[in-house]
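Everything below concerns the one structure shown next.
Chain letters run A, B, ... following the sequence lines, proteins first and then strands; every chain starts at 1.
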Amino acid sequence: MPRDPDPPPAKRFKPGSPFSRLDKKKPGMLLPRAGHAPVNVDAQRKQLPIYQSRTQLINQIRQLHSAVFIGETGSGKTTQIPQYLYEAGIGRQGIIGITQPRRVAAISLAARVAEEKKVQLGKLVGYTVRFEDVTSSETKLKFMTDGMLLREAIGDPLLLRYTVVILDEAHERTVHTDVLFGVVKAAQRKRIEQNKIPLKVVVMSATMDVDLFSQYFNKSPVLYLEGRQHPIQIYYTKQPQSDYLQAALVSIFQIHQEAPASHDILVFMTGQEEIEALARTCRDISKHLPESCGPMTVVPLYASLPPAQQLRVFQPAPKVPAAPQTLTPHAEPVLALTCCLCFTGVQEGGSLHKHRRNLHHYLRHQIRDRHGDGESQTLQSRCNLASVILQLLALGVPDVLNFDFMSKPSPESLRTAVEQLCILGAVDRKDDHVSLTPLGKKMACFPLEPRFSKTLLISPDFSCAEEVLTIISLLSVDSVLYNPPARRDDVLAVRRKFISSEGDHMTLLNIYRAFKKVSGNKDWCRENFVNSRNMGLVLEVRAQLRDICIKMNMKLESSLSDLTNVRRCLAHGLFMNAAELQPDGSYVALDTHQPVAIHPSSVLFQAKPACVVFNELLHTSRCYMRDLCLVDAEWLQEAAPEYFRRKLRATKS
DNA sequence: AGAGGTGCC
């Protein structure tokens, strides 16, 4: 069928259009353009629209405890406001902390601001993300991930090192950022009550729906940051596009042909798979373009790329960065294509499923950005509330059930979370009062889900802490198993030598041990279809967890060849995630009695183990158990006799 | 007999 997408916006270049306005040579905005003539960063800073309102902004913030800023991407708010505050002497007694939802953003923003301040990164300007702390005693402007500040708050609930906390990208909310908001708000209130140096809170959002933020921070004023570096003009296609990937592709090459070579194109897509496919197609096509077109560099950008590759979008080149919806690089493209999806004309059965999934993905972001109601449900579904509750208790929040959440989780989900922590022995509950047990206190020290920190903490009782450290680290990162579909048979053949009939945990452990034997050899990884980057992360996570264990004086022993103890330990830690084989060959989860199935990726997929614990449940076409470990039913009983007695009663009644 | 989302500590 001939495809006839609407003429894309590039067709409409004409004098006075936003594109022709961009023809005026403007230096790159937020990031250095290495390779070009040296640019004057001071001059660049002064060109930012936000610079005009600098004095006014400073005067307003000086008088406020809290403020909410709305400024679109490109207004320069994230790089400039921290500097304005610092330059105006606001918060000089302490640190100005700027939180970001993502690591790459925290790192690249810090690098840019250090460049603007002409200082070495890690001195006046630094950043802190997991595994990387590029700060020093001199650091006054500190970019960090939200998660890092939340961790810091456990040791310092009043955030006394900070005089200003800037919560950036506030529109990208999760349960964790909601908790962070609550922690920051409480710290601010308590510091006033205790006559300590006040904490200024600045919330920055790219979207207009900031009423909730303003309300939450004591009806703080909302300040609008006018303008952006580059004007925006939105064009729509006249008709729905049956194949938005194809339409994007056509648009990309029309723009590439017509726009000046210095301009970049940014395409928003729904995920890694689409991004890689589009990048491949673009590269293929660009090889066969006439020379008059100029070269095209295609730079994919998504989270699972190595950070160095993610930063490539900031290098100057004619290029097409392809980014998922949630990742906005801090470069100003000449044109951003946001691809909306629709069902019209989607015919093939296989791709219908895919489109539906993508649409779902897309809508979720739309809904989350625009709609206040139902939001808390979306937020909850994305993360384990039990770990949030544990964290709150560790932060010293006295009444967790009535914590000042910006969007309150349902009482039922809160109850379930507390119940889970109770069963794990992390909390005690008397009437409505919930408190941390000594075990729970230790559990909160690990950057892990409660059931994993519990498993790790009891591992010395089974003399297998080293193995459990390894297994939990392996489960904490994206899979170390590399499964290119095109080489499926090779993968199966190579992996056979690691497979354990005791399940996925033991199989992963075998792979890790083999990897260590060859000292992390990259060729070995390639030959054995092991993702060496993720394996590298495993080593980092493991080292971090091990440090925490050592600080707690845990006895770190290895069970060596006998892995029964390891499985017993997993049974004792993961007993809430257990399932039993039924006479008809199906499985039932012992906790909820719901039917579950073994995920096809499990090494036990074709086996029929009588009793297993699993890592997580995946609700897709069915309810799948992922990462299974064979256990004895008796181990579960000895792990939590009371819990299983109750479960048994529930079954009978 | 058969899967597929993200980010963070």
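Regarding Leu395(A), its CG atom lies at a distance of 16 Å from the P atom of dC9(B), rounded to whole Å. Between Leu628(A) atom CG and dA3(B) atom P there is a gap of 16 Å when expressed in whole angstrom units. Atoms CD (Glu132(A)) and P (dC8(B)) sit 12 Å apart, rounded to a whole Å. Atom CG in Asp489(A) sits roughly 19 Å away from atom P in dG2(B) (whole-Å rounding). Per the geometry, CD belonging to Gln544(A) stands 14 Å off P belonging to dC8(B), to the nearest Å. Atom P of nucleotide dC8(B) and atom CD of Glu540(A) are separated by 13 Å, given to the nearest angstrom. When the P atom of dT6(B) is taken as reference, atom CG of Asp146(A) falls 18 Å away, rounded to whole Å. Atom-to-atom, CG of Leu448(A) to P of dC9(B) comes out at 13 Å; the value is rounded to the nearest Å.
With sequence neighbours excluded, the residues forming a ring-ring contact (aromatic ring centres under 6.0 Å, His included) with Phe405(A) are Phe403(A), listed by chain and number. Shown here are the side-chain hydrogen bond (donor to acceptor under 3.5 Å, both in side chains) partners of Gln188(A), two or more places apart in sequence or in another chain: Ser66(A).
Side-chain nitrogen and oxygen atoms of Thr145(A) include at least one within less than 4.0 Å of the OP1 or OP2 phosphate oxygen of dC9(B). Between Arg102(A) and the phosphate of dT6(B), there is no side-chain N or O to OP1/OP2 separation shorter than 4.0 Å.
For the pair Lys142(A) and Tyr127(A), the NZ or CZ position fails the cation-pi test of under 6.0 Å to the six-membered ring centre and within 45 degrees of the ring normal.
Considering only side-chain atoms of Ser621(A), the nucleotide from dG2(B), dA3(B), dC9(B) that sits closest is dA3(B). Nearest nucleotide to the side chain of Gln606(A), out of dA1(B), dC9(B), dA3(B): dA1(B). The listed nucleotides are dG2(B), dG4(B), dC9(B); the one nearest the side chain of His599(A) is dG4(B). Each of dG2(B), dG4(B), dC9(B) was ranked by its minimum atom distance to the side chain of Thr620(A); first place goes to dG4(B). Checking dG2(B), dC9(B), dA3(B) against the side-chain heavy atoms of Phe605(A) singles out dG2(B) as nearest.
Inter-residue side-chain proximity for Ile548(A) and Met554(A) is flagged as unmet; no heavy-atom pair is nearer than 4.5 Å.
Here the closest non-hydrogen pair linking His505(A) and Leu628(A) is ND1-O, 3.4 Å.
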